[in-house]
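Since we're looking at a predicted model, the values are computed, not measured. Counting from 1, the numbers follow the sequence of the chain as shown.
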Amino acid sequence: MQIIGNFFGWVMFLCYKLLRNYGLTIILFTLVTKIILLPISIMVQKNSIKMVKMYPEMNRIKAKCFGNKDMISEEQYNLYKREQYHPMFDLVPVVLQLIILMGVIDVIYQPLRYLLRIEQGSIDTVVSLFSTVSGIGADVSSIQVQLVNYLQGTDNLLQFTSNISEGIIAQIQSLDMFFCGLNLGVVPINSGGISIVIPVLAALSSWLMCVAQNHANVLQSEQGRINKISTLLLSVGLSLYLGFFVPAGVGFYWTVSNLMSIALLYILNYFINPRNYIDYAELEASKKELEAANQYSVRSKDKRKSEFSKLEKNDYRRFEKFKDKQIVFYSEGKGFYKYFQNVIELIEKKTDIIIHYVTSDPHDEVFQLQSDNFQVYYIGENKLIVLMMKMEADMVVMTMPDLQKYHIKRSMVRDDIEYVYMDHGIGSINLMLRKHALDYFDTIFASNDIVCKEIRAQEELYGLKEKRIIRYGYGLIDNMIANYREQPEVSNNPKTILIAPSWQEDNMLDLCIDEILEHLLGQGYHIILRPHPQYVRHFKSRLLALEDKYSGYSDFTLQMDFSSNDTVFNADILMTDWSGIAYEYSFTTLKPALFINTPMKVMNPDYEEIGVTPFDIEIRNRIGLSVELNQLDTIADVVNKLLNEETYKKDEMRKLRDAYLFNVSNSAEVGANYIINRLIEMSKGA
């Protein structure tokens, strides 16, 4: 503080020496300090722009992962890392400004030291004497300003002349603290009168600055209404209140500083215009998406809270009453039963084991399947945390990764529970899951040999305990194959191309759908666009605009009804980016897929360090062909190749499926047998 005070003290001294007017000195001093601090102001402006530039993506992360704070934090961390942005950097300019502001105010408070350059010993003497005479504590920060004002009156000199040299008194008296009829040396709360204009002006200037910032400051303008109002009230109220208790010169400095800050704000906006860097249309669109997710969530939460709190309470008690539980399946929500279905049904058929099925969705259709040997419970996410920590069972099976990393923990009651991970996809667990997502599982049900290699490579690289790997397969595809075999064979004329993009960032719909349609429409194919259900939910207006744009093409259909898989089964080629639907389609129908190489979805940026090529990358040019974004003009030729080459005929595709997928049509037998045998072993061991 002293170093900063000394620096700005010299600035103040030079200003006073030049102008010989206290009020004008403060104005010039404030201007000079703004110029000196300009690099920091520019830094703040650029950093604020960088922050707001990320807002659209941040809003979409919050909308996509709504309610999942851990996932939102993870996604935001990845965003900051990619953009080389650290949120703590925002504090650096703020802290610097506060430190410098304190130094500047120190200069205003000590005119004897900084303006008049009186020796410290003489200052201490005269301040001590003034403190005795006035009753003001010598440690009061504004005592020097009040002393200068006091010595302006001739009646007050007698008490000083006998103890202080006339030269010092004359030097102090030479400091005229009046400006435009206002005495800047008085404290308004003590003197009253016209001096109360200063705190009013300070409050008014704070109000003007808040209004200007809410309108023109790149970051402040994006704050919520409540934040803006609270900031305004705090700033105005504080300025008004403190303005009465500090010397008027300090209040005058605040006023001048606020007005210059407003001017600087508009100058920076002119030379570093946020609109040149920020896509405000995208920002507004992302706000609407987040607002829609928020409204939907609030309605859903309110409804769930009122309707299902009693159900959750009763199910929690019922779950706890069951002693000696052998196996518990946990479902994240509605629609996850299909991944467990075949295994559960076979366990029920072969044994009398009581299966406990916990779901976090009160609308889960699985409640309709409840029986004496299949007990279903609704446990919401909050109570689930406690339930999992108090878990007592021999085995827990789940499709949710990241066990122990976030809110779902291993049991604190039993350390011998076997936690089994059953994936809800057949993609790479190293690429498509977060790093170390499966470290705390004991057993992995693997769908293909690449997953096995990934697990072993991770264990070796990170020094992890060896897990049990069950060469399981994938029950969902087994069921799709069974359903497909029951369908009558369809021969499309014209041939049908199903476009089924993912809904990750930079998917086909966002990057290149118009160019794709431009090269395929009118080429003798029927094009069906079937977006991801989540994309429909969040961006339905975009899709309707797209449908309207191509309404004149009889060979184009936009499908947003997902009640049937007939479109998927009957298409001759499926086109996607990085969606797992390609594997389900090709392994079910034995037809090829066409991949557009949009930016790859990567949950683990360090996926390459284990040295195993992910399934998602290896399989692309085995079950089909991939096209780069800059080669979309070749897409019609690629489609023709996929439809006619022997490599992509059914017999060859069947061989490929059997080579890449464990236990085709028999995964349930493998999975159920493992679970049954393990539970028998555990019961004997007990």
Side-chain angles (χ1 to χ4, degrees), residues 315-332 335-361 364-379 384 387-388 390-400 403 410-411 413-424 441-447 467-483 661-686:
D315 280 0
Y316 190 94
R317 289 176 178 173
R318 184 163 57 89
F319 184 86
E320 284 194 317
K321 284 182 180 179
F322 263 101
K323 302 300 180 183
D324 302 320
K325 291 184 282 288
Q326 289 184 281
I327 186 166
V328 175
F329 286 83
Y330 171 62
S331 168
E332 301 163 51
F336 279 79
Y337 178 71
K338 61 188 177 184
Y339 302 113
F340 305 121
Q341 179 181 356
N342 295 2
V343 171
I344 288 176
E345 289 178 353
L346 204 51
I347 294 173
E348 287 184 296
K349 183 178 179 180
K350 288 187 171 187
T351 72
D352 59 358
I353 293 172
I354 297 177
I355 296 172
H356 301 272
Y357 192 95
V358 177
T359 175
S360 292
D361 190 339
D364 202 324
E365 294 93 338
V366 77
F367 284 101
Q368 301 172 15
L369 305 175
Q370 187 158 241
S371 66
D372 290 341
N373 283 359
F374 187 66
Q375 295 291 318
V376 184
Y377 313 84
Y378 161 60
I379 307 294
L384 180 70
L387 181 137
M388 285 295 189
K390 295 170 62 179
M391 178 65 69
E392 293 188 73
D394 294 329
M395 181 181 288
V396 175
V397 184
M398 50 203 292
T399 61
M400 177 184 282
L403 177 66
R410 289 182 67 107
S411 173
V413 178
R414 284 185 57 176
D415 60 6
D416 62 341
I417 297 176
E418 181 175 336
Y419 285 85
V420 178
Y421 178 72
M422 184 183 290
D423 206 347
H424 52 278
F441 284 92
D442 304 292
T443 303
I444 308 296
F445 275 30
S447 59
K467 301 173 182 62
R468 295 184 186 91
I469 299 178
I470 309 305
R471 298 166 70 88
Y472 165 63
Y474 193 54
L476 183 62
I477 285 184
D478 289 349
N479 291 342
M480 292 179 71
I481 291 171
N483 292 335
L661 191 62
F662 292 145
N663 304 305
V664 177
S665 300
N666 194 42
S667 64
E669 189 78 24
V670 174
N673 285 345
Y674 171 78
I675 290 174
I676 293 168
N677 291 333
R678 278 294 294 155
L679 293 177
I680 292 172
E681 288 176 19
M682 291 177 184
S683 63
K684 288 180 179 178

Start with the C-alpha gap between Tyr419 and Thr443, add the side-chain angles, then the distance that decides, and say whether side-chain contact (heavy atoms from CB on, under 4.5 Å) holds. CA-CA 6 Å; Tyr419 285 85; Thr443 303; over 6 Å; no
Audit row: Tyr337, Ile344, side-chain contact (heavy atoms from CB on, under 4.5 Å) steps and yes/no: CA-CA 9 Å; Tyr337 178 71; Ile344 288 176; 3.8 Å; yes
Step by step, work out the side-chain hydrogen bond (donor to acceptor under 3.5 Å, both in side chains) result for Tyr330 and Ser360. CA-CA 8 Å; Tyr330 171 62; Ser360 292; 2.8 Å; yes
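Contact annotation: the side chain of Gln375 never approaches that of Ile355 to less than 4.5 Å [non-hydrogen atoms, C-beta and beyond]. Side-chain atoms of Val328 and Val397, non-hydrogen and from C-beta on, never get closer than 4.5 Å to each other. By the 4.5 Å heavy-atom criterion applied to side chains, Lys338 and Asn479 are not counted as neighbours. Residues Phe445 and Arg471 have side chains not in contact (no heavy-atom distance under 4.5 Å, counting atoms from C-beta outward). Between Tyr378 and Asp364, the closest side-chain pair of non-hydrogen atoms is not below 4.5 Å. Side-chain contact between Met391 and Val396: present, with at least one pair of heavy atoms (C-beta onward) separated by less than 4.5 Å.
Salt bridge annotation for Lys350-Glu669: present, with a cationic side-chain nitrogen under 4.0 angstrom from a carboxylate oxygen. With salt bridges taken as basic N to acidic carboxylate O contacts below 4.0 Å, one links Glu418 and Arg678.
Of the candidates Tyr357, Phe319, Phe367, Tyr377 forms a ring-ring contact (aromatic ring centres under 6.0 Å, His included) with just one, namely Phe319.
Heavy-atom minimum distance, Ser665 versus Ile481: OG-CG2, 4.2 Å. Summarising the geometry of Leu679 relative to Gln326, their closest heavy-atom pair is CD2-O, 3.5 Å, with the distance given to 0.1 Å. Across every non-hydrogen atom of Phe662 and Ala446, the tightest pair is CD1-O, 3.4 Å. Contact between Ser411 and Lys390 at its shortest, heavy atoms only, is OG-C, 4.3 Å.
Between the side chain of Ser683 and the backbone N or O of Ile680, at least one donor-acceptor pair lies under 3.5 Å. Although no hydrogens or angles enter the test, the distance criterion places no donor-acceptor pair under 3.5 Å between the side chain of Gln370 and the main chain of Val366. One N or O on the side chain of Thr351 and one on the backbone of Ile347 form a donor-acceptor pair closer than 3.5 Å. Not a single donor-acceptor pair under 3.5 Å links the side chain of Arg468 to the backbone N or O of Val420. Of the possible donor and acceptor atoms, none in the side chain of Asn373 sits under 3.5 Å from a partner among the backbone N and O of Ile354.
Note that CD of Glu392 and CD1 of Ile417 are 8.0 Å apart. Values are rounded to the nearest 0.5 Å. In this structure, Leu384 CG and Met400 CE are separated by 7.0 Å, a value rounded to the nearest 0.5 Å. Between the NZ atom in Lys325 and the CD1 atom in Ile327 there is a gap of 13.0 Å [rounded to 0.5 Å]. The distance from atom OH of Tyr421 to atom CG of Asp442, rounded to the nearest 0.5 Å, is 15.0 Å. Within the model, atoms CE of Met422 and CZ of Phe441 stand 11.5 Å from one another, a figure rounded to the nearest 0.5 Å. Separation of atoms CD1 (Ile470) and OH (Tyr674) is listed at 4.5 Å; rounding is to 0.5 Å.
Close placement of the Phe340 and Phe329 rings is indicated, their centers lying within 6.0 Å of each other. Two rings, from Phe322 and His356, have their centers less than 6.0 Å apart.
Heavy atoms of other residues, nucleotides or ligands lying less than 6.0 angstrom from CG of Asp416 number more than 12. Asp415 CG: 12 or fewer foreign heavy atoms inside a 6.0 Å radius.
Using a 3.5 Å distance cut-off with no hydrogens or angles, the side chains of Asn666 and Asp478 do not pair a donor with an acceptor.
Taking Asp394 as the reference, Arg414 meet the salt bridge (Lys or Arg N to Asp or Glu O under 4.0 Å) condition, with sequence neighbours excluded. Remark: Asp315 engages Arg318 in a salt bridge (Lys or Arg N to Asp or Glu O under 4.0 Å) (not counting sequence neighbours). Listed by chain and number, the residues in a salt bridge (Lys or Arg N to Asp or Glu O under 4.0 Å) with Glu345 amount to none (sequence neighbours excluded).
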